Novice: 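Once you've had a glance at the structure underneath, I'll fire off some questions.
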Amino acid sequence: MAEKRFYITTPIYYVNGTPHVGSAYTTIAADVTARFERLRGREVFFLTGTDENATKVYEAAQEQGVAPEAYLEQLIPVWKEAWRDLHIGYDDFIRTTEPRHVEAVQEFFRRLQESGDIYLGQYEGWYCVACETFWRESDVTDGLCPNDWCRRPVRKMTEETYFFRLSKYQDAILRWIEAKPDRLLPDFRRNEVVAFIKQGLRDQSISRPGEEWGIPVPGAENQVVYVWFDALINYLTAAGWPNDAETFQNTWPADIHFMAKDIFVRFHCTLWPAMLMAAGLPLPCRLIGHGFWTAEGRKISKSLGNAIAPGDLARMLSDASGCEPDVAADAIRYYLLREVPFGQDADFSFDGLKLRFNTDLANDIGNLCNRTFSLIHRLFGGKVPALPGGDSPVRDALKRAAETMAQEMEEQRYSNALQALSDAIKEVNKHLNDRAPWNLHKEGKTDEAAGVIAESLESVRAFTILYSPFLPVAAERIWAQIGAAEPLSAQTWDRAAAWEGLPAGAELPQPTPVFPRIEAPKGQKAAGKAPGAGKDASKPNKKASVPAPSEESGKPTVSQTEPSAESKDESNFISIDDFAKVQLRTARVLAAERVEGTTKLLRLDVEMGEEDRTVLAGIAESYAPEELVGKTVIVVANLEPKKMRGVVSQGMLLAASGPDGPVLVAPEKAVDSGSEVR
RNA sequence: GGCGGAGUAGCUCAGUUGGUCAGAGCAUACGGUUCAUACCCGUAGUGUCGCGAGUUCGAGUCUCGCCUCCGCUACCA
C-alpha cells in the first residue's frame, strides 16, 4: 500500500475572463506548499480546477449566443495558460462538467438520500396572494392572512426542493473544530466559524427546480443540484471517489484546502464538513482562509481597470527590471507571499512589488550570488574552492534558517518563512564583509580566502534549494551558475542545509544576474505608474490581454474565489442606469406598531397607490407609532423582501441620518400615494 | 446594537506569563568598504507605545471608561 499522498486543493474557480492578482493568490500559495512538500520528500497531489455549473455560466453563454460548453471551451485554456505563466504545477485540473464529477455528485446525492440526510422538502408555507407574502406554518393559525388589514384566505404553497440535513451536524462540527484548533486557520477566522455555527444551522436547500444548466438531481431530472453542493464534491471526485477505491484510499482526506475568506465560514467550514460526516467520509486535515487583495488601495475590479492579469504584471516587471518574464513571474509569487502574513488582507502596489524586487531579490539574494561568483572568477580562476568542514557562522545561519522556515511552513506562514531566509542572507553578506576574502587573498592567505568564499557559495546552494518552492524558475537560473553536478530537481530539503558543498574544481560559467536591479529614472523615485491606478487604465493592455469572450462590458469581475461569491464594483460613482434600477415611490402610512421584542423596529402598513405593503423600519427610537399614521413617506419599492423577526418587509423607508437618529424624508407638497420619485 | 480584533518611529509592523520593551524592515542622514547589481557593512535618529484614570515598587504589557478603524453579526431593508 502506497503512502498517502499529501493532498492540496484550491477552490475551483468560477470562470470568467482571466485570473487576476487576487485570484492567483490562493493558487500560488497552494503551489508553493506543494513544491515545499515535494522538496521534503512527500508525494503530493495538487488539485485546482473550475466551477462550471453555475447559472451565471449559462447566462454568460446565452448572452454571447453560444452553447455553455462552447463558452467554457474558450475560457479554460486562458486559465490554464495563466497558471502556466505563474509556474503553477498542479497535478490535476478538474472541471465540474466532466463526467467523472457529474457521476460523483449524483452518487453522493444518492447516498445521502438513502441515509436520510437528504430529504425532499415540501417547501411548505402559506402564501397570501394579496400581500404577495409567504407565511410560515406557525404564522398562520386560522387559514387567514396574518396581516390585520388583510385577513384574506391564504393559499398553501408547496415547492419541492431537496434539503440537506445540515442542522443535524451542528454539534459534531463544533466538536471537530474544538478537538484540534489548528485545523482551521487563521485563528481569528476560526472564531468566526464557531460563532456562525453556534447561532444555529438550518437545513440547506440543495436543489433548484427548473434550471437549464447544472447537474441533474438523480431521480428528479427537473431539478439540478445546488451549485455549492456540487462544487465542494470536486475535492472527492479528483481523489478518485467513488469508483477508484485505491486512489481514494491514499489521497483522501485533503491535507490542506486553500481558499479566500469569503468562502471559508459557510461553505468550507460548515457545509463541507457536514456533507462529509453525512457521507461517512474523513474530514480534511486543514482549511485555511486567506485575506483579500486590493490593488493600489482599491477593490480589484475589471471596470476600474485594475484587474490586471498576472501575465501582464510579469511583463511589466520584466520591462522595468530587464529580468526574464519567467523570473518576473516568480517575483510576483514572492511578493504576494512575502508582503503580508497569510490570512490578512493586503494591498497590492506596483511600487511595493518593485521595492521587494530590489531589496529582497536583487540586493540581497542576487547580489550575494553575484559577488560570490565574481570572487571565484577573480581570485580562483572560476574554479569552485573546496568547502572547509567544521563550525562556521554561515553554517549555523543556514541551519537556523532552514529550521525556522520549516516551522513556519507547517502553518502556512509564508511571510515569516521568507523572512527567515532574508535574515540568513544578511548574515552571510555580513560574514563576507567581515572576513573580506579579497583582502585575505591579497595578504597571501589564499586558503583562508578560498574557505570563506566556498562557504558563501555553499550558502547560495542552500538558499537556492530553500527558495525554490517560491521561486522555481529563478532558482533554476541560479542553480545553473553554481557548478552543481546534479540538477536542482534532484535536490531534497534535507540536503539544503547539510553543508555538503559543491564539487571542488568545478568550472563556473560567467555570472549572469538573475534579478537585475530596477533603476529609478534620474531625478525621481518610484518609477512607473501603478497598474490601473491612473486614467490611462481605461485602456487595458490590449495585446497582452486574452480575448475575453464576454467583451469589455463593465460587468463585475470574478471575485477572488468562487463559486457564486458576489463581487460588486466599488467605484464611487454609479451610472444613471444603476440608479434607474431603484424604484422610489411615495406611500401613505395606514398603521404602525412596534415589532414585539425589538427596540428599534417598527412595522408600518402603507398604501402605495393601489397596493398595500408592509415595511419594517428601524426608527422606533425616534418615532412613536402613532405619530406616523397618515404621514406620507418615500419607499424603496423594488427592494428584495426581507424577513426580520418573522415579518417580511417589502421595502424600505428613506430617512436622513440626523444627529439624534433617523429623520424621515417626505415630499415637500402633498402628492398621491404611489407617486414615482425620481 | 452585540461579539471579536486593532490603534507602537515617516511607512509596514514585532513586542511572550508586567520590570534593558521602547524594537525590526523599508525610507532618511552620515561613515566604512570596494569582491559585488550605486551593492554590502556600520552608526544615527525622531516615537508622551490612541486618550483618560486606576492597580503596582514598576505597565505598550493588567483593570475601568472614552475615541477611532476593521471583521463578523443583528431588530441596519
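All of these numbers come straight from a predicted model, not from anything done at the bench.
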Novice: Scan A:Gly618 against the nucleic acid and name what it touches under 4.0 Å (heavy atoms): base, sugar-phosphate only, or nothing.
Specialist: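 A:Gly618: backbone/sugar contact only, no base atoms under 4.0 Å.
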Novice: Expected output is a numbered-order residue list: members of residues 374-383 of chain A with a heavy atom under 4.0 Å from any atom of RNA chain B. What is it?
Specialist: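 A:Ser374, A:Leu375, A:Arg378, in order of number.
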Novice: A:Phe515 near the nucleic acid: base, sugar-phosphate alone, or nothing, with a heavy-atom cut-off under 4.0 Å?
Specialist: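 Answer is base: heavy atoms of A:Phe515 come under 4.0 Å of a base.
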Novice: Report the residue (A:Glu427 or A:Cys369) whose heavy-atom-nearest nucleotide on RNA chain B is the more 5′ of the two.
Specialist: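 Its nearest nucleotide lies further toward 5', so the answer is A:Cys369.
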Novice: Please report the distance, rounded to the nearest Å, between CD1 in A:Ile425 and P in B:A36.
Specialist: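 Taking atom P of B:A36 as the reference, CD1 of A:Ile425 is at 19 Å.
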Novice: Taking all non-hydrogen atoms of both residues into account, name the closest pair between A:Glu676 and A:Arg585 and its distance.
Specialist: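 That closest heavy-atom pairing would be CA-CG, 4.3 Å.
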Novice: For A:His290 and A:Tyr25, I'd like to know if the aromatic rings sit close, meaning centre-to-centre distance below 6.0 Å.
Specialist: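 Yes; A:Tyr25 has its ring centre under 6.0 Å from that of A:His290.
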Novice: So, is B:G60 syn or anti if syn means the angle is within 90° of 0?
Specialist: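 This nucleotide is in syn.
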Novice: Are A:Arg613 and A:Glu611 within salt-bridge range, i.e. N to O under 4.0 Å?
Specialist: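 So A:Arg613 pairs with A:Glu611 through a salt bridge.
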Novice: Rounding to a whole Å, what distance do you find between A:Asn363:CG and B:A27:C1'?
Specialist: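 Interatomic distance, CG of A:Asn363 to C1' of B:A27: 13 Å.
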Novice: Would you mind checking if A:Glu403 and A:Arg400 are paired as a salt bridge, meaning a charged N to carboxylate O distance below 4.0 Å?
Specialist: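 Salt bridge: no.
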Novice: Nearest of B:C41, B:A36, B:U37 to any side-chain atom of A:Arg371?
Specialist: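 Output: B:A36.
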Novice: Determine whether A:Ser673 and A:Glu607 satisfy the following criterion, side-chain hydrogen bond (donor to acceptor under 3.5 Å, both in side chains), listing intermediate values before the conclusion.
Specialist: CA-CA 7 Å; A:Ser673 87; A:Glu607 169 203 86; 3.0 Å; yes
Novice: I'd like the C1' distance from B:G31 over to B:U68, given in whole Å.
Specialist: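 Nearest-Å result for B:U68 against B:G31 at atom C1': 42 Å.
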Novice: Hey, mind stepping through A:Thr586 and A:Thr632 against side-chain hydrogen bond (donor to acceptor under 3.5 Å, both in side chains) and telling me if it holds?
Specialist: CA-CA 7 Å; A:Thr586 60; A:Thr632 297; over 6 Å; no
Novice: What distance, rounded to whole Å, do you find between the two C1' atoms, one in B:G45 and one in B:U37?
Specialist: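 Rounded to whole Å, the distance is 29 Å.
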Novice: C1' atom, B:G32 versus B:G18: distance in rounded Å?
Specialist: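 Each nucleotide's C1' atom is 41 Å from the other's.
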Novice: Distance check, P atoms only: B:A22 and B:A27, in whole angstrom units.
Specialist: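 My reading of the P atoms in B:A22 and B:A27 gives 26 Å.
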Novice: Using the C1' atom as the point on both nucleotides, what is the distance between B:C49 and B:U8, in whole Å?
Specialist: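 That atom pair is separated by 4 Å.
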Novice: Would you measure the distance from the P atom in B:G25 across to the matching atom in B:C41 and give it in whole Å?
Specialist: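 One P to the other, the span is 10 Å.
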Novice: Using a heavy-atom distance cut-off of less than 4.0 Å, which residues of residues 406-424 of chain A contact RNA chain B?
Specialist: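 Contacting residues: none.
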Novice: What is the distance, rounded to the nearest whole Å, between atom CD of A:Glu443 and atom P of B:C35?
Specialist: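 Rounding to the nearest Å, CD of A:Glu443 and P of B:C35 are 13 Å apart.
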Novice: Whole angstrom is fine here: how far is it from CD in A:Gln510 over to C1' in B:U37?
Specialist: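 Result: 15 Å.
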Novice: Round to a whole Å and report the spacing from CD of A:Gln481 to C1' of B:U37.
Specialist: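 About 12 Å, once rounded to whole Å.
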Novice: For A:Asp447, is the CG atom crowded, meaning more than 12 foreign heavy atoms sit under 6.0 Å from it?
Specialist: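 12 or below, so no.
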Novice: Check the interface with nucleotides 70-73 of chain B: list each N/O to N/O pair with the protein under 3.5 Å, or write none.
Specialist:
from  : atom 1 : to       : atom 2 : distance (Å)
B:G71 : O2'    : A:Glu192 : OE2    : 2.8
B:U73 : OP1    : A:Arg266 : NH2    : 2.5
B:U73 : O2'    : A:Gln199 : OE1    : 3.4

Novice: Looking at A:Gly291, is its backbone amide N or carbonyl O close enough to the side chain of A:Asp345 to form a donor-acceptor pair, meaning the two atoms are under 3.5 Å apart?
Specialist: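 Here the side-chain-to-backbone pair does not exist.
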Novice: Take A:Glu443 and A:Asn439 through the side-chain hydrogen bond (donor to acceptor under 3.5 Å, both in side chains) test and state the conclusion after the steps.
Specialist: CA-CA 6 Å; A:Glu443 295 160 13; A:Asn439 288 338; 5.6 Å; no
Novice: With a 4.0 Å cut-off on heavy atoms, is A:Leu355 in touch with a base, just the backbone sugar-phosphate, or nothing at all?
Specialist: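 The answer is sugar-phosphate, as A:Leu355 gets under 4.0 Å only of primed atoms, P, OP1 or OP2.
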Novice: Using Watson-Crick pairs (N1 to N3, plus N6-O4 or O6-N4) and G-U wobble pairs, both distances under 3.5 Å, which stems of at least 3 pairs involve RNA chain B?
Specialist: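 The stems that RNA chain B takes part in, listed by first number, are B:1-7 with B:67-73, B:10-13 with B:23-26, B:28-32 with B:40-44, B:50-54 with B:62-66.
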Novice: Whole Å only: how far is the CZ atom of A:Arg338 from the C1' atom of B:A24?
Specialist: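 In whole Å, B:A24 C1' lies 11 Å from A:Arg338 CZ.
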Novice: Looking at A:Lys426 and A:Asp423, is there a salt bridge between them, counting it only when a charged N and a carboxylate O are closer than 4.0 Å?
Specialist: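 Not counted as a salt bridge, because no side-chain N and carboxylate O are separated by less than 4.0 Å.
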Novice: Between B:C41, B:U37, B:A27, spot the one nearest the side chain of A:Asn370, thanks.
Specialist: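 Nearest to the side-chain atoms of A:Asn370, counting from C-beta on, is B:U37.
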Novice: Between B:A14 and B:G5, how many Å separate the two P atoms, rounded to a whole number?
Specialist: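 It comes out at 15 Å once rounded to the nearest Å.
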Novice: Please tell me if A:Lys426 has a side-chain N or O lying less than 4.0 Å from either OP1 or OP2 of B:C26.
Specialist: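 Answer is yes, contact under 4.0 Å.
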Novice: Hey, does the side chain of A:Asn433 come within less than 4.0 Å of B:U33's phosphate (OP1/OP2), counting only N and O?
Specialist: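 Checking A:Asn433 against B:U33: no side-chain N or O falls below 4.0 Å of OP1 or OP2.
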Novice: Side chains of A:Gln407 and A:Arg413 only: does a donor on one sit below 3.5 Å from an acceptor on the other?
Specialist: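 Per modelled atom types, A:Gln407 and A:Arg413 side chains form no pair under 3.5 Å.
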Novice: Could you state the CG-P distance from A:Leu432 to B:U37, rounded to the nearest angstrom?
Specialist: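 The answer, rounded to whole Å, is 14 Å.
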Novice: Will you find, in the side chains of A:Asn416 and A:Arg338, an N or O donor that is under 3.5 Å from an N or O acceptor?
Specialist: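 Looking only at side-chain atoms, A:Arg338 and A:Asn416 do not form any donor-acceptor pair under 3.5 Å.
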Novice: Side chain to side chain donor-acceptor pair (under 3.5 Å): which pairs involve residues 474-483 of chain A, sequence neighbours left out?
Specialist: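 Found A:Glu324-A:Arg477.
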Novice: Is there a donor-acceptor pair under 3.5 Å between the side chain of A:His257 and the backbone N or O of A:Phe264?
Specialist: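 Answer holds: no.
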Novice: Find which nucleotide of RNA chain B each of A:Trp438 and A:Met652 is nearest to by heavy atoms, and output the residue with the more 5' nucleotide.
Specialist: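 It is A:Trp438, whose closest nucleotide lies nearer the 5' terminus.
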Novice: Could you measure between the two P atoms, the one in B:U46 and the one in B:C66, and give it in whole Å?
Specialist: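 Straight-line distance between the two P atoms is 35 Å.
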Novice: Whole-Å distance between B:U12 C1' and A:Trp293 CH2?
Specialist: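 Roughly 12 Å, once rounded to whole Å.
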Novice: For A:Pro388, what residues pass the side chain to side chain contact (heavy atoms under 4.5 Å, CB included) criterion, not counting sequence neighbours?
Specialist: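 Only A:Ala454, A:Glu455 meet the side chain to side chain contact (heavy atoms under 4.5 Å, CB included) criterion with A:Pro388.
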Novice: State, to 0.1 Å, how close A:Leu653 and A:Val615 come at their nearest heavy-atom pair, and which atoms those are.
Specialist: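 Minimum heavy-atom contact is CD2-CG1, 4.0 Å.
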